[in-house]
Amino acid sequence: MTAWKLIIHGGAKEIAPEEETDNRDGLAEAIEAGRKVLVDGGTAIDAVEASVRVLERLPVFNAGRGSDPTVRGEIEMCSAIMDGASLDIGGVIAIQEVCHPVSVARALLHEAPILLAGKGATRFAREIGAELCTLEELKTADPASEGGETHDTVGAVALDSHRDLAAATSTGGLAGQMSGRVGDSPMPGCGYYAENGVGAVALSGHGEGIARLRLASKIMHRLNGLTPDQAIADSVAEMMRVGGDGGGVAIDGTGRIGWAHNSPHFAVASVVEGDNGPAIWLRKQDR
Ligand code: GLY
């Protein structure tokens, strides 16, 4: 048995002073949902899904309810989940009408396809009886999204007491994005990855830049030698080559947790077995 660990994020973004409390409260609720799973002996996969479901429910985060609308005013969401023990992946791309994309991704985890897109993803969600939300329920009056400001992807990584790792992401994409646009979040090796003994990572930020640099893949490689903090910092620093900013959370193969960002803020919470409570930050300088 090993000590379980969980680190989650609510996005690489700029947080206005009036949004700080909602970000902190949302992270506290989300990390508690994942913590409870791990305390009860549950799996890393169950923990990351539980935390991301909370972040998807809260309008302050750009995932599920609160997703940024496309240029056509629609909500198209992407999400993925990966099991580091089996390398199973489930992911949905530009899915509509569902409250919790991460749970649809989770339902795909043991199916033959790893990714479903568009109408096929939404049809799969209906077939498995996923909880449905109307467009009005998914859209919110959050001033950040109305102003066209990006307030990005959420994610979580966990190590459970059996030494299994998992990662999950969920996003509404970029504010005002083209219909059908896909960023890094559902793509393995770009927005996330998990492999037992190596590490698990979940990223947030400018999806085109993260995908062009295959940042999750690079972070996994760098975890063999660097601390998680340094592996992520070195990788997001590369985004200067292609534009955009980002951040990530990770746990390495030995159980070290870390995070880094080059965005103005990065809302992060972590908890480790034995801690009195979670630690919550809105940017690295505050640590
Ligand atoms: N990082 C989320 C996106 O670019 O879609």
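All ligand and atom numbering here is 1-based and tracks the order in the structure. By convention here, the first residue in the shown sequence is residue 1. For the numbers below, each heavy atom of this structure counts, side chains included, while hydrogens, waters and symmetry mates do not. Every value quoted in this text rests on a predicted model; they were computed, and no experiment measured them.
- Under the side-chain contact (heavy atoms from CB on, under 4.5 Å) test applied with L282, the options E19, K13, R24 reduce to a single match, R24.
- Taking a 4.0 Å cut-off on heavy atoms, S204 fails to register as neighbouring ligand 1.
- With distances taken over non-hydrogen atoms, the option nearest atom 1 (N) of ligand 1 out of G209, G205, G207 is G205.
- Every atom of ligand 1 is numbered from 1 in the order shown, and the set under 4.0 Å from a heavy atom of S185 is 1 (N), 2 (C).
- Considering backbone and side-chain N/O atoms, H206 never comes within less than 3.5 Å of an N/O atom of ligand 1.
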Q: Tell me, with the steps shown, if T70 and Q177 meet side-chain hydrogen bond (donor to acceptor under 3.5 Å, both in side chains).
A: CA-CA 5 Å; T70 68; Q177 67 183 5; over 6 Å; no
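- Heavy atoms only, all atoms of each residue included: G244 and H206 are closest at CA-CB, 3.8 Å.
- Using a 4.0 angstrom heavy-atom cutoff, R181 counts as in contact with ligand 1.
- Side-chain contact, T153 with T171: a donor N or O sits under 3.5 Å from an acceptor N or O.
- Less than 4.0 angstrom separates some heavy atom of T171 from each of these atoms of ligand 1: 2 (C).
- Nearest to atom 2 (C) of ligand 1 among the protein's heavy atoms is T153 OG1, 2.9 Å.
- Atoms of ligand 1 found under 4.0 Å from any heavy atom of G173, numbered from 1 in the order shown, are 5 (O).
- Residue D152 touches ligand 1 through its side chain alone, judged by heavy-atom distances below 4.0 Å.
- In the model, D245 has no side-chain atom that pairs as donor or acceptor with a side-chain atom of H261 under 3.5 Å.
- Heavy-atom contacts from other residues, nucleotides or ligands closer than 6.0 Å to CG of D234 number more than 12.
- Donor-acceptor pairing under 3.5 Å is recorded for the side chains of S103 and E49.
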